[in-house]
Protein chains: 2
Amino acid sequence: MAVRDAEATKARILAASVAEFAHHGLAGARIDRIASAANANKRMIYVYFGNKDKLFDAVIDAAIGEMFEAVPFTPRDLPEYGAKLFDFLVAHPVEIRIDAWRRLERPVHTALEEEIFVQKVAALDAVRSTTQGALSSADLLVAVLAAAWSWVTVPTSLAVLATEDVALQRQQVVSSIEALCRSQG
Amino acid sequence: MAVRDAEATKARILAASVAEFAHHGLAGARIDRIASAANANKRMIYVYFGNKDKLFDAVIDAAIGEMFEAVPFTPRDLPEYGAKLFDFLVAHPVEIRIDAWRRLERPVHTALEEEIFVQKVAALDAVRSTTQGALSSADLLVAVLAAAWSWVTVPTSLAVLATEDVALQRQQVVSSIEALCRSQG
DNA sequence: ATCGGGTAAGTAACCAGTTAGTTATATCGT
DNA sequence: ACGATATAACTAACTGGTTACTTACCCGAT
C-alpha cells in the first residue's frame, strides 16, 4: 500500500460511511466517527465528497444500485426470482438498513432507479398471456416483492413467534409466490 | 380553555412530538421545534416526559399501540383482516413513519407488544385444522401482514409504475391473501 | 519547486438539558 | 367570605458539550 493513495483513501471513507449511515442514518451519523473509522482526516471527506448530504447520496448509490440489479430477473419463474431476492436480502442487512433510512430521510428516486423496474415490468409483460381481469405486471411485481421482503418487514414482535429457520423462511417465500402465480396468468 | 391546564399542555406537547418525530426521527427531531409547535415552554417537555428518548417512547406508545389493536383480528377471514389492516395503513401515514423510525432507532419490543401477536397467533391456531405440512400460524400471519403492507413497503420506483387506485390496491391485497389461504388449511 | 495528498487546530452554530425565577390557582385558618 | 400561604404551571435566559465545516499549514513524489 502506497503511503499516499487517493483512491484507497476515498474507498476507505466510503466503506466507513456505509457502516456509519447504515447504523445511525443521515441525521444520526457523525462525520468525526466516519473519519476515525476510515483512518482518514475529516478534511478529506469534504475534499472527496463535498458535504454530509452528498456523502449520504454516494453511500446510497454504492449500496442501493446493486440491490435490485444484483438479482437476475426471471419473468418466467417468479418464485425463483423471489427466492434469489430473499437470499440477497439475508446476505445484505446493511443495504436493507440504508434503503430504509433513505426512504425516510431522502424520499427521492432518480430516473435511473425507475429504469430498474421499467425493464422488469416490460420483461414480465412480454412473457405473460394477457388474460382478462388479471393484474397488471407492475401490480403483480408489487405482490412478489412483498412476499420476498416479508421476513424483513415483519414486526419484530411477530418475528419472535415465527420460524427463525432461514431455509424454511425461504421455502415459504417460494410457496407464497407460487400461490400468487397460480391465481394469476 | 383555562390559562393553565397541565393535561392540555401535555397533550399539545405529545401531539407536536408525534408530528416532529414522524417527520425527522429520533436523531433528527428538535426539542425546540416541538416546544414552539406545541406553544409550550421547552422546560415543560422535561417536566412531563423526562428527556428526548423518553419522549420518543411516549410517542411510540401513543402511535404504535393502536396500530395493531385498532384493527380487529378475524382469524376465520384473513382476507378481511388484511383489507381492514390495509385501510388502517392508508389512513395513518404518520403511524407508519413512526413505526419505521422505531425499527431503525429503537430496535426493542416490549413484552406488551409481543402480547399483541401472541393473542393473534393463538386465535388463528384455534380455528385452523392442523393439516400435515402446513405453515405454522405465526408464519401464515407473516405472509398475511406482508400482503397487507405491500403497498407501504413497495419501492417508490416501482410504485410509480403500479396502480395508484387505492380501491384496486385494496382488492389486490385481498386477492393475494385469498390465494395464500387457498394453498393453506 | 510545485502540486496533490494529508493534517492539526480551529470556529461558529447548534442543541439537549438546567437554573432561577414568576404567575396562576387551590387550600385553609379565621 | 377572604386574605395568607402553599403548590402547581409556566417562562426567559443560560450552559456545556457537540458537530458540520474551514483555515492554514506540512510532506512526499515527480
Side-chain angles (χ1 to χ4, degrees), chain A residues 1-63 98 101-102 104-106 108, chain B residues 1-63 98 101-102 104-106 108:
Chain A
M1 168 179 158
V3 179
R4 301 193 159 193
D5 185 335
E7 281 308 306
T9 303
K10 198 173 174 181
R12 283 201 320 278
I13 290 172
L14 190 63
S17 300
V18 167
E20 175 75 9
F21 283 121
H23 198 220
H24 299 284
L26 175 56
R30 294 295 167 248
I31 296 288
D32 282 324
R33 273 201 298 253
I34 291 172
S36 88
N39 266 101
N41 189 277
K42 199 191 339 186
R43 183 72 239 272
M44 301 316 287
I45 294 174
Y46 291 93
V47 169
Y48 292 135
F49 295 97
N51 61 31
K52 196 186 185 186
D53 281 3
K54 287 182 187 166
L55 180 58
F56 190 51
D57 285 345
V59 165
I60 288 173
D61 285 347
I98 288 174
W101 288 115
R102 185 265 287 273
L104 289 167
E105 300 189 292
R106 282 253 138 161
V108 284
Chain B
M1 169 182 159
V3 179
R4 296 189 165 200
D5 185 334
E7 282 308 305
T9 302
K10 198 172 173 182
R12 285 201 320 278
I13 290 172
L14 190 62
S17 301
V18 168
E20 176 75 9
F21 283 122
H23 198 218
H24 300 283
L26 175 56
R30 295 296 166 249
I31 296 288
D32 284 316
R33 272 201 300 255
I34 291 171
S36 90
N39 266 100
N41 189 277
K42 190 172 149 177
R43 186 72 242 271
M44 301 316 288
I45 294 175
Y46 291 92
V47 169
Y48 292 136
F49 295 97
N51 61 30
K52 198 187 187 186
D53 281 2
K54 286 182 188 168
L55 179 59
F56 190 50
D57 285 345
V59 165
I60 288 173
D61 285 348
I98 288 174
W101 287 116
R102 185 267 284 275
L104 289 167
E105 300 189 293
R106 282 252 138 165
V108 284

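We name chains A, B, ... by the order of the sequence lines, and we start the count at 1 in each one.
- Atom-to-atom, CZ of Arg43(B) to C1' of dC14(D) comes out at 13 Å; the value is rounded to the nearest Å.
- The NZ-C1' distance, from Lys10(A) to dG4(C), rounds to 14 Å in whole Å.
- Residue Asp5(A) contributes atom CG, which lies 7 Å from atom P of dG6(C) at whole-angstrom precision.
- The side chain to side chain donor-acceptor pair (under 3.5 Å) check on Glu20(B) picks up Arg33(B), with sequence neighbours excluded.
- The two residues Ile34(B) and Ile13(B) come nearest to each other via the heavy atoms CG2-O, 4.0 Å.
- Residue pairs meeting the salt bridge (Lys or Arg N to Asp or Glu O under 4.0 Å) criterion with at least one member in residues 37-52 of chain B, sequence neighbours excluded: Asp32(B)-Lys42(B).
- Within residues 24-41 of chain B, the residues approaching DNA chain C are Ala29(B), Arg30(B), Ile31(B), by heavy-atom distance under 4.0 Å.
- The interatomic distance linking Ile45(B) (CD1) with dA9(D) (P) rounds to 16 Å, in whole Å.
- Look at Thr9(A) and you'll find a side-chain N or O under 4.0 angstrom from OP1 or OP2 of dG6(C).
- With sequence neighbours excluded, no residue forms a salt bridge (Lys or Arg N to Asp or Glu O under 4.0 Å) with Lys54(A).
- With sequence neighbours excluded, the residues satisfying side-chain contact (heavy atoms from CB on, under 4.5 Å) with Ala63(A) are Glu95(A), Ile98(A).
- Contact record, Leu55(A) with Ile45(A): CD2-CG2, 3.9 Å, taken as the closest heavy-atom pair.
- DNA chain C is contacted by Tyr48(A) of residues 46-60 of chain A, taking any non-hydrogen atom closer than 4.0 Å.
- By the side chain to side chain donor-acceptor pair (under 3.5 Å) test, Asp57(B) pairs with Arg106(B), sequence neighbours left out.
- Applying the ring-ring contact (aromatic ring centres under 6.0 Å, His included) test to every pair with at least one member in residues 23-60 of chain A, sequence neighbours left out, gives these pairs: Phe21(A)-Phe56(A).
- Separating the CE atom of Met44(B) from the P atom of dA16(C) is a distance of 18 Å, rounded to the nearest angstrom.
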